[in-house]
Amino acid sequence: MSDDEGGGSLYVLTAVLLTPAQFPSILGDDFPEACSLLGVAPNGEGYGLVLGQDEEGARWTVVVDDVSLVATAIASWDCGMEYDLSPDERTIVVSLAGWPLELSVSASGIPEPHDPEQGADGTGRVPLAPPSADAWGPVQRRMGADQIAREWADWRERVATDGGAAAAAHPGLARALEEALAYTTTPPPAGRVRSSFAGEGARTLRVDGPGWSLVARTGEAAFVLLDEEPGEVLTVPGQLTPPAEGEADLPDLPDLPDLLTALDRIAVRPS
């Protein structure tokens with residue numbers, strides 16, 4: 001239990017990090033976009049998001065600037081250990097009504113989770129809420145890429161070995177790869193290119209751009225999801241050779257392993 005900005009009690013349910021290297025993709029293509037959605041400045045260190053309920057059961061998201069405290073709590077919970085996450089009031093940046101993420105848990109002994117009235121947090125904003133899953137769009141595209149990253153082995157086996165051949169002719173794929181390559185020479189907004197440990201010397205890459213998401217593992221494969229292709233997963237061919245006559249032009253790209261190495265070199269990484 002911790003104190004919220006208004007001095008009341010908050011029953012903490014979970015917490016997530018909002019940093020350039022690690023933030024919920026549901027919030028945006030990059031760190032500044034995610035911060036903008038929450039109305040906070042995209043500083044270099046980032047924030048922690050503490051999600052909980054007040055004594056009336058209302059949903060609240062408390063943004064704190066004590067990133068290390070939230071990271072310690074998350075690491076403890078992941079290890080099955082108890083940790084009383086109680087941020088100091090001085091670390092609270094803003095308390096926002098609602099939750100930006102879907103939660104299946106609730107605090108016991110208080111009313112069921114519900115949103116407080118609009119304006120209860122002093123911002124005048126509609127309470128935060130998870131996006132609808134009914135329609136395909138940027139949020140669903142990013143969530144799809146996250147799912148592939150979590151279930152990498154299954155996806156790697158599911159896609160046929162020649163799955164990239166047809167995808168190579170897709171104009172949307174060509175656009176995504178060209179923009180991804182441009183990131184290696186012109187730095188994109190923080191968080192557009194992220195790298196995380198994947199075991200045995202490999203890295204998992206998450207790269208996002210306007211209308212596309214790329215998820216890859218160095219030394220293995222890469223997949224691209226597009227806003228204009230609902231639910232479709234395009235396999236990036238390992239050798240980005242010139243297209244056959246009549247196919248969409250691929251940009252002048254290095255082969256996939258070299259492209260992933262270049263992206264990993266400029267990616268932000270969890271500290």
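Since the structure is predicted, the reported quantities are computational estimates derived from the model, not experimental observations. The residues of the chain are indexed from 1 along the displayed sequence. These values consider heavy atoms only, across backbone and side chains, with no hydrogens, waters or symmetry-generated copies.
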Next on the checklist: Please find the pair of heavy atoms, one from I26 and one from P131, that lie closest to each other, and give the distance.
Outcome noted: CD1-CD, 3.2 Å
Next on the checklist: I'd like to check W155 versus V233 (side-chain heavy atoms, cut-off strictly below 4.5 Å). Are they in contact?
Outcome noted: yes
Checklist entry - Below 4.5 Å, heavy atoms only, C-beta onward: do L226 and H170 meet side chain to side chain? => result yes
Checklist entry - Taking all non-hydrogen atoms of both residues, which atom of L10 and which atom of G52 are closest, and how far apart? => result CD1-C, 3.7 Å
Item to check | N-O pairing of D29 and R192 below 4.0 Å | outcome: no
Next on the checklist: Just to verify, what does E179 make a side-chain hydrogen bond (donor to acceptor under 3.5 Å, both in side chains) with, not counting sequence neighbours?
Outcome noted: W212
Next on the checklist: Can you tell me how far apart CG (L173) and CD (E229) are? Round to the nearest 0.5 Å.
Outcome noted: 10.5 Å
Checklist entry - Between E220 and W152, does a side chain to side chain donor-acceptor pair (under 3.5 Å) hold up when you go through it step by step? => result CA-CA 10 Å; E220 293 192 31; W152 181 263; 2.8 Å; yes
Checklist entry - Within a strict 4.5 Å, meaning less than it, do heavy atoms of the V50 and P87 side chains meet? => result yes
Checklist entry - What do the steps show when you test F197 against R269 for side-chain contact (heavy atoms from CB on, under 4.5 Å), and what is the final call? => result CA-CA 9 Å; F197 179 69; R269 306 182 178 211; over 6 Å; no
Checklist entry - Is there a donor-acceptor pair closer than 3.5 Å between any side-chain N or O of T61 and the backbone N or O of G98? => result yes
Item to check | Short side-chain to backbone donor-acceptor contact, D54 and E56, under 3.5 Å | outcome: yes
Next on the checklist: Donor-acceptor check, side chain of T186 to backbone of Y183, threshold 3.5 angstrom: yes or no?
Outcome noted: no
Checklist entry - Looking only at heavy atoms, what is the nearest atom pair of P24 and V16, with distance? => result CG-CG2, 4.0 Å
Next on the checklist: Could you walk me through whether L214 and L225 satisfy the side-chain contact (heavy atoms from CB on, under 4.5 Å) test, starting with their C-alpha distance in whole Å, then the side-chain angles of each, then the deciding distance to 0.1 Å, before giving a yes or no?
Outcome noted: CA-CA 7 Å; L214 180 147; L225 294 84; over 6 Å; no
Would you tabulate the side-chain donor-acceptor contacts of residues 67-82 under 3.5 Å, counting partners in other chains and residues two or more places apart, or write 'none'?
{"unit_1": "S68", "atom_1": "OG", "unit_2": "D66", "atom_2": "OD1", "d": "3.1"}
{"unit_1": "T72", "atom_1": "OG1", "unit_2": "S68", "atom_2": "O", "d": "2.8"}
{"unit_1": "S76", "atom_1": "OG", "unit_2": "T72", "atom_2": "O", "d": "2.9"}
{"unit_1": "W77", "atom_1": "NE1", "unit_2": "Y83", "atom_2": "O", "d": "3.3"}

Next on the checklist: Is there a path of hydrophobic side-chain contacts, each under 4.5 Å between heavy atoms, that joins L13 and L18?
Outcome noted: yes
Item to check | Nearest atoms (heavy-atom pairs only) where A176 meets V224 | outcome: CB-CG1, 4.1 Å
Sequence neighbours excluded and cut-off under 3.5 Å, please list the side-chain donor-acceptor pairs for residues 103-116, or say none.
{"unit_1": "H114", "atom_1": "ND1", "unit_2": "E112", "atom_2": "O", "d": "3.0"}
{"unit_1": "D115", "atom_1": "OD1", "unit_2": "R59", "atom_2": "NH1", "d": "3.1"}

Item to check | Residue list, side-chain hydrogen bond (donor to acceptor under 3.5 Å, both in side chains) with S195, at least two apart or on another chain | outcome: R203, D264
Checklist entry - Can you list the residues that meet the side-chain contact (heavy atoms from CB on, under 4.5 Å) rule with P42, with sequence neighbours excluded? => result F31, P32, C35
Checklist entry - If you count the non-hydrogen atoms of other residues, nucleotides and ligands that lie under 6.0 Å from CD in E151, is the total more than 12? => result yes
Next on the checklist: Treating Q118 as the side-chain partner and G124 as the backbone partner, does any N or O pair qualify as donor plus acceptor under 3.5 Å?
Outcome noted: yes
Next on the checklist: Would you say V93 ends up clustered with L27 if hydrophobic residues are merged whenever their side chains have heavy atoms under 4.5 Å apart, either directly or through other cluster members?
Outcome noted: yes
Checklist entry - Between D121 and A97, which heavy-atom pair has the shortest distance, and what is it? => result OD2-N, 3.0 Å
Item to check | A15 to L85 - nearest heavy-atom pair and separation | outcome: CB-CD2, 3.7 Å
Checklist entry - Is a side-chain donor or acceptor of W99 paired with a backbone partner of W60 at a separation under 3.5 angstrom? => result yes
Checklist entry - Please walk me through it: do V63 and I92 pass side-chain contact (heavy atoms from CB on, under 4.5 Å)? => result CA-CA 6 Å; V63 183; I92 296 176; over 6 Å; no
Next on the checklist: Checking side chain to side chain contact (heavy atoms under 4.5 Å, CB included) between L263 and each of T218, D258, V207, which is the one that passes?
Outcome noted: V207
Checklist entry - Which residue pairs satisfy the side-chain hydrogen bond (donor to acceptor under 3.5 Å, both in side chains) criterion with at least one member in residues 15-26, sequence neighbours excluded? => result S25-D146, S25-R194, S25-R206
Checklist entry - Would you say M143 and L49 are hydrophobically clustered, going by side-chain heavy atoms of ILVMFWY under 4.5 Å? => result yes
Next on the checklist: Contact between L205 and L260 at the side-chain level, heavy atoms closer than 4.5 Å - yes or no?
Outcome noted: yes
Checklist entry - Within the side chain of N43, is there an N or O that forms a donor-acceptor pair under 3.5 Å with the backbone of G46? => result yes
Item to check | Verdict with supporting geometry, V64 and D88, side-chain contact (heavy atoms from CB on, under 4.5 Å) | outcome: CA-CA 9 Å; V64 301; D88 189 290; over 6 Å; no
Checklist entry - How far does CZ of R156 sit from OG1 of T235, to the nearest 0.5 angstrom? => result 8.5 Å
Item to check | Shared hydrophobic cluster for L128 and L101 (ILVMFWY, side-chain gaps under 4.5 Å) | outcome: yes
Checklist entry - Linking I/L/V/M/F/W/Y whenever their side-chain heavy atoms sit closer than 4.5 Å, directly or via other members, would V139 and L37 fall into one cluster? => result yes
Checklist entry - Are the side chain of Y47 and the backbone N or O of V40 linked by a donor-acceptor pair below 3.5 Å? => result no
Item to check | Polar contact flag, side-chain donor to acceptor under 3.5 angstrom, S213-D208 | outcome: yes
